[in-house]
There are 2 protein chains.
Amino acid sequence: MPGRTAQNEGATTATRILDVAEGLLQTRGYNGFSYADIASELDVTKAALHYHFPTKADLGEALVTRYAERFMKALAAIEAGDDDPRAKLDAYADLYAQVLQGRRMCMCGMLAAEYQTLPEPMRARVLAFFDENVVWLERVLERGRVGGVLAFRGSAAEAAMLIVDAMEGTMLVSRSYADPARFRSVAGGLLDGLVGGRPDAAPTGS
Amino acid sequence: MPGRTAQNEGATTATRILDVAEGLLQTRGYNGFSYADIASELDVTKAALHYHFPTKADLGEALVTRYAERFMKALAAIEAGDDDPRAKLDAYADLYAQVLQGRRMCMCGMLAAEYQTLPEPMRARVLAFFDENVVWLERVLERGRVGGVLAFRGSAAEAAMLIVDAMEGTMLVSRSYADPARFRSVAGGLLDGLVGGRPDAAPTGS
DNA sequence: GTCTATAACGAGATAGAC
DNA sequence: GTCTATCTCGTTATAGAC
């Protein structure tokens, strides 16, 4: 990739703005960065940013829309693979683990914290992201149960919500410790305990 | 309680400031409220607030310190009870459920999202809060396992981290949906699946 | 301990030249 | 499409009277 810089020189300006703003949003939150921050990283003026994204609400909506679309494509890619259901769940957890690199939080988890301060269009996108995650997981879980390779208590919908919420939560906490290994340990332990798919290790000590 | 108002007229001014600021912090985040917001709710001037808490960092540190102390006292109260370990875990989840009323997020979960923008003293308090939660849970889990009433995979430390992280995560997501029932369902499902303590319902479909 | 007043700065946003 | 310049407002914080 010749000529590429940290700000992705080969891309359109709008895309480069989104790339920088995305990093700031996932690191500092929607209320934790300004147009001035983006401008200084890209070495352009604030006015130029307002040409591409007139208001911060416009920018925020574009950011969460792009993020959600990219995430759904990644889910579709996992879906298309020929792995077994447990491997799909591991791949799902790995999506979050990748985001956690560079001390980034899941964008929608971050926005969930700031939910009460968000413009309405952003709120709707955040909830849609969680809904779509739950639907995807529900399908994987249900198929795994029908196929006899996954076993879990309760409904697939409840298990799916638990997985989404636990991913967001352990990401949130592990990021504060700057410890991606903590995330991997907790996420792996959740999947082991929830759906099995491995030789059932006898609980120790009893 | 005669003479009490929503702003707790009977308390000292510093306490009333903390009460209002606490609600704002847990609802909107540290970067989502200002001294002007507190002043308008209490009907005092911003200057009066700065007398009690010179800087916002001072206020933030006082808030997280008070919150953590109160939470640890609640944990000690559960510890002192003669309930069985599973009941203690349910009581633990109920602490979070109570916070979620009024659309509030756990203060330290909220601050974990904003971690990168926090002054160092606040950061340390947030991590200490999580550490103390894990230590408390670890003890409950270990005693339950030794006593034969709890069974879970892996180490007590890993299970404790999973519980803390999942509580924070499901709180974060459920609050966006304004749906405390969602929290209760997911938190209950986690404890059922993780530690049992109930008749082992056979997984369906396999 | 609380007030008025204001300083000092940064945020989001716009006008108009180039 | 990007710039300079500017505007308005909100935010944190301080000085000094009461």
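Nothing here was measured: the structure is a model prediction, and the numbers come from that model. The chains referred to below are lettered A, B, ... by the order of the sequence lines, with proteins before strands, and numbering in each begins at 1.
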Checklist entry - Atom NE2 of A:H52 and atom C1' of C:dG12: how far apart are they, to the nearest Å? => result 17 Å
Next on the checklist: Rounded to whole Å, please give me the gap between CG in A:D43 and P in D:dT2.
Outcome noted: 12 Å
Next on the checklist: Students often get this wrong, so: under 4.0 angstrom with heavy atoms, is A:S34 touching a base, only sugar-phosphate, or nothing?
Outcome noted: sugar-phosphate
Checklist entry - For D:dT12, does either OP1 or OP2 sit under 4.0 Å from a side-chain N or O belonging to B:T55? => result no
Item to check | Interatomic distance where OH belongs to B:Y51 and C1' belongs to D:dG16 [whole Å] | outcome: 15 Å
Item to check | Rounded interatomic separation in angstrom, taking NE2 from A:H50 and P from C:dA11 | outcome: 11 Å
Checklist outcome for this item: note: A:K56, atom NZ; D:dC9, atom P; distance rounded to Å ~ 19 Å
Next on the checklist: I need the NZ-P distance between A:K46 and C:dA15, as an integer number of Å.
Outcome noted: 15 Å
Checklist entry - Across the strands shown, which category fits A:F53 at heavy-atom distances under 4.0 angstrom: base, sugar-phosphate, nothing? => result nothing
Item to check | Presence of salt bridge, A:E22 and A:R66, under 4.0 angstrom | outcome: yes
Next on the checklist: Closer than 4.0 angstrom, basic N to acidic O: yes or no for A:D179 and A:R103?
Outcome noted: no
Item to check | B:Y96/B:F71 aromatic ring centres below 6.0 Å | outcome: yes
Next on the checklist: From OH of A:Y35 over to P of D:dT8, roughly how many Å is that when rounded to an integer?
Outcome noted: 21 Å
Next on the checklist: Is it the case that atom CZ in B:R104 sees more than 12 heavy atoms from other parts of the structure closer than 6.0 Å?
Outcome noted: yes
Checklist outcome for this item: Taken to the nearest whole Å, CD1/B:I38 to P/D:dG10 is 17 Å
Item to check | OP1 or OP2 of D:dC3 under 4.0 Å from side-chain N/O of A:T45 | outcome: yes
